[in-house]
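From a predicted model like this one, the values you see are computed outputs, not experimental measurements. The sequence lines fix the lettering, A, B, ..., with proteins before strands; numbering per chain opens at 1.
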Amino acid sequence: MDTEDKEQSRDFIRDIIDDDLKTGKYEGRVHTRFPPEPNGYLHIGHGKAICLNFGIAEQYGGLCNLRFDDTNPTREGEEYVQSIIEDIKWLGFDWEDRLYFASDYFDQMYEYAVQLVKDGKAYVDDLNAEEISEHRGTLTSPGKNSPYRDRPVEENLNLLEKMKAGEFGDGEKVLRARIDMAHPNMNMRDPVMYRILHAAHHRTGDKWCIYPMYDWAHGLEDSIEKITHSICSLEFENHRPLYDWFLDELGVYHPQQIEFARLNLSYTIMSKRKLIRLVEEGDVSGWDDPRMPTISGIRRRGYSPESIRSFCRRIGVAKFNSTISLELLEHCVRQDLNKTSLRFMGVLRPLKVVIDNYPEGQVEELDAVNNPEDPDAGTRKVPFSKVLYIEREDFMEDPPKKFYRLSPGREVRLRYAYFVTCTDVVKDENGEVIEVHCTYDPATRGGDSPDGRKVKSTLHWVSAERALDAEVRLYDKLFTVEDPLGQKDADFRDFLNPDSLEILKSCKAEPAAGNLKPFDRIQFERIGYFCVDPDSAEEKPVFNRAVGLRDTWARIQKQQKKKK
RNA sequence: UGCCCGGUGGUGUAAUUGGUAACACACCAGACUCUGGUUCUGGUAUCCAAGGUUCGAGUCCUUGCCGGGCAACCA
């Protein structure tokens, strides 16, 4: 990685940390955490938060914990814990021995709750959910006190004990903070701290039937772990006064909550709920469908961890709700894969080429560079023979201006092989070219002409005799509009891109491409970056297109079309 | 008709904290090239508005406009 890439630009969070370091607010410590709820799969938006929290810890020589915020057993489970751990590791971050669970703190939290009750700062409420909602008032009008708000401390203590002991059914009672039912911030209108849930927890089993709410639990988790900077997304801004209130009333260690704008990416969605719909409605093949913005999807697509980290570094951190263009992500992917991926030749839509003056049955092993960006990657042999495949779109019988590739009478280079000149075409009954005949110049073996003559273009090719059959899955944007959720009077699924997946089953690749493992990332020269899919079979690999190469010819074609 | 937060090129982010707007992506033009890739060079384009403070404002103050969030026993 370039030192330039490593450079972290300023942001308001690092400014706050610098200030705190200057004033010695946390004795010079920097300790962050990434606190996912284990109720779904991580997506690239989480990736931003992960890079932020782990990145800050790394940069300041501090620590970052991985903490599962598992306070709601009805939605959470072990399978999510495992996938989240795998995804964060894959992204390249390490929490060492600091893997924590909010559920590990349930006893401590309960003790704190008892303390607040004793201080007259919390009470047991018999109102049901609907009644509590009615008493809460509205955004513009104050709420009303619950009739149970002024219960004596002893009674509250007793009731709380009974709640914990399982003497009440779900929803019969709650523990609430006693703050202010007329507070302009709705979060401060006596928020619920504990609800009764007779549900088995994936870690604590049946030990508990009361579970803490986010606002009550989260600050305590941060406090217990001695977090210094508790970084969360913007929608918790209105919760900060409550975060502070609990910690202050308890008189315990008090981290600083800082909110930032979560990631939005054009042409996709980031909402867990809506991603679930895509999976359930069968719009995609699963959570790891390469079109999904999930970490597992991105991984299968062929995006590298480094490219994600580079992306997160470039997008910055701010409080403004922005949408990052997909192009930037793709740029980061290309930038990394250009430097790191091995090159191969593969033909997506084969067109048969016969080299008429090449000896029948002869096979030559020609040297090809594995990665021009990395001399250490070495070279390999590519077999050349009389019958080859080239890309169908690399030949045009009647070429337009600026088309440099093969056409009748024209000479081009076959990469690492020979200069060839098109002499003839064979068409089917519909007039479609099904075969191209060429002659080759034996003096240009390897791809250089001794007489110094130039050709306008170089084509990739595969020996027909030695070709490896492959399937290629071409992925494109999942949606046709930049903001699928912002379209008026329409469901986001109405904007699914019908061409987001094109499957090509009769592709041809050079033999060396058969020696790859699932998740290996390569470049098919002149086409794009690809990733070996786990669906690959021994005799027929499957390649997912991560992203195409920048395509100047496609751009020229577009311009030419516009002019017409 | 409440509270909180935000507004810098097309898109994002920055500006030595009050000193004359930069970086990246995208786009355009050119150079180089055995990938129409990579690389290199150049270019277009920006402070929401109005007042105020100041020698000087993207930065501070006021007002307005626009955008986002908040009324789960979700996180």
Side-chain angles (χ1 to χ4, degrees), chain A residues 7 9-11 15 35-37 39 69 71-72 74-76 125 127-130 132-134 136-143 170-176 183-189 191-197 210-211 213-215 217-218 232-241 259 261 266 272 314-332 334-335 338-339 343 345 368-369 372-373 402-405 413-417 419 444 446-449 454-460 482 523-528 548-556:
Chain A
E7 256 171 44
S9 81
R10 300 300 317 164
D11 60 62
D15 286 343
E37 183 188 13
N39 73 337
D69 202 4
T71 57
N72 186 351
T74 63
R75 331 201 303 176
E76 298 154 2
D125 197 346
L127 258 31
N128 63 35
E130 196 182 331
I132 287 178
S133 175
E134 284 165 8
R136 189 152 25 229
T138 71
L139 293 176
T140 53
S141 62
D170 287 1
E172 266 185 56
K173 287 182 167 40
V174 289
L175 183 74
R176 300 178 72 178
H183 199 106
N185 181 342
M186 299 291 288
N187 295 125
M188 300 296 273
R189 319 246 259 227
V192 173
M193 295 164 63
Y194 276 104
R195 76 283 217 189
I196 299 172
L197 242 38
I210 59 171
Y211 290 94
M213 300 291 291
Y214 170 86
D215 286 308
H218 204 88
C232 62
S233 47
L234 241 34
E235 67 268 30
F236 293 104
E237 215 159 13
N238 292 332
H239 295 242
R240 177 152 34 94
E259 311 84 11
S266 62
K272 244 187 232 179
R314 283 156 183 266
I315 59 179
V317 187
K319 300 192 71 158
F320 177 64
N321 270 304
S322 61
T323 300
I324 311 288
S325 63
L326 189 60
E327 283 94 339
L328 180 60
L329 214 206
E330 294 185 333
H331 167 81
C332 293
R334 287 192 192 103
Q335 184 184 253
N338 174 51
K339 282 186 290 193
R343 269 62 169 175
M345 289 199 284
V369 173
E373 304 293 321
K402 292 192 179 176
F403 180 89
Y404 303 147
R405 280 107 98 143
R413 171 169 37 232
L414 294 180
R415 187 137 160 98
Y416 299 126
F419 283 17
T444 57
D448 284 305
S449 61
K454 303 271 186 209
V455 286
K456 279 276 221 175
S457 77
T458 301
L459 308 187
H460 61 276
E482 286 194 24
Q523 180 192 108
F524 277 129
E525 294 215 34
R526 304 211 308 132
I527 303 176
L549 254 31
R550 283 184 56 129
D551 190 344
T552 307
W553 170 235
R555 221 179 312 155
I556 291 169

Heavy atoms under 4.0 Å, any strand shown: does [X] hit a base, just sugar-phosphate, or nothing?
| X | value |
| --- | --- |
| A/Val317 | sugar-phosphate |
| A/Thr323 | sugar-phosphate |
| A/Arg555 | sugar-phosphate |
| A/Ile527 | nothing |
| A/Tyr404 | base |
| A/Arg10 | sugar-phosphate |
| A/Thr552 | sugar-phosphate |
| A/Arg189 | nothing |
| A/Phe419 | nothing |

Side-chain H-bond candidate by donor/acceptor type, A/Glu37 with A/Asn39, under 3.5 Å: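 Yes, A/Asn39 and A/Glu37 have a side-chain donor paired with an acceptor closer than 3.5 Å.
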Selection from [options] that lies nearest to any side-chain heavy atom of [X]:
| X | options | result |
| --- | --- | --- |
| A/Glu327 | B/G36, B/A24, B/A26 | B/A26 |
| A/Asp551 | B/U38, B/G36, B/A14 | B/G36 |
| A/Leu549 | B/C25, B/G37, B/A14 | B/G37 |
| A/Ser322 | B/U13, B/G36, B/C28 | B/U13 |

If the C1' atom of B/C60 is compared with that of B/G12, how far apart are they to the nearest Å?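 Comparing C1' positions in B/C60 and B/G12 gives a spacing of 26 Å.
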If we take the P atom in both B/G10 and B/A45, what is their distance in whole Å?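 That atom pair is separated by 11 Å.
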What do the steps show when you test A/Met188 against A/Asp215 for side chain to side chain contact (heavy atoms under 4.5 Å, CB included), and what is the final call? CA-CA 10 Å; A/Met188 300 296 273; A/Asp215 286 308; over 6 Å; no
Between A/Lys173 and A/Asp125, is there a side-chain N and carboxylate O pair less than 4.0 Å apart?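 No, A/Lys173 and A/Asp125 are not salt-bridged.
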Base-contact (B) and sugar-phosphate-only (S) positions in nucleotides 68-75 of chain B, heavy-atom cut-off under 4.0 Å, - elsewhere: SBBBSBBB
Taking it one step at a time, do A/Trp553 and A/Lys402 satisfy side chain to side chain contact (heavy atoms under 4.5 Å, CB included)? CA-CA 8 Å; A/Trp553 170 235; A/Lys402 292 192 179 176; 4.2 Å; yes
Any chance you could encode RNA chain B as dot-bracket? Rule is Watson-Crick or G-U wobble with both distances under 3.5 Å; [ ] for pairs crossing earlier ones, | for another strand. .((((((..((((.....[..)))).(((((.......)))))....(((((..]....))))))))))).....
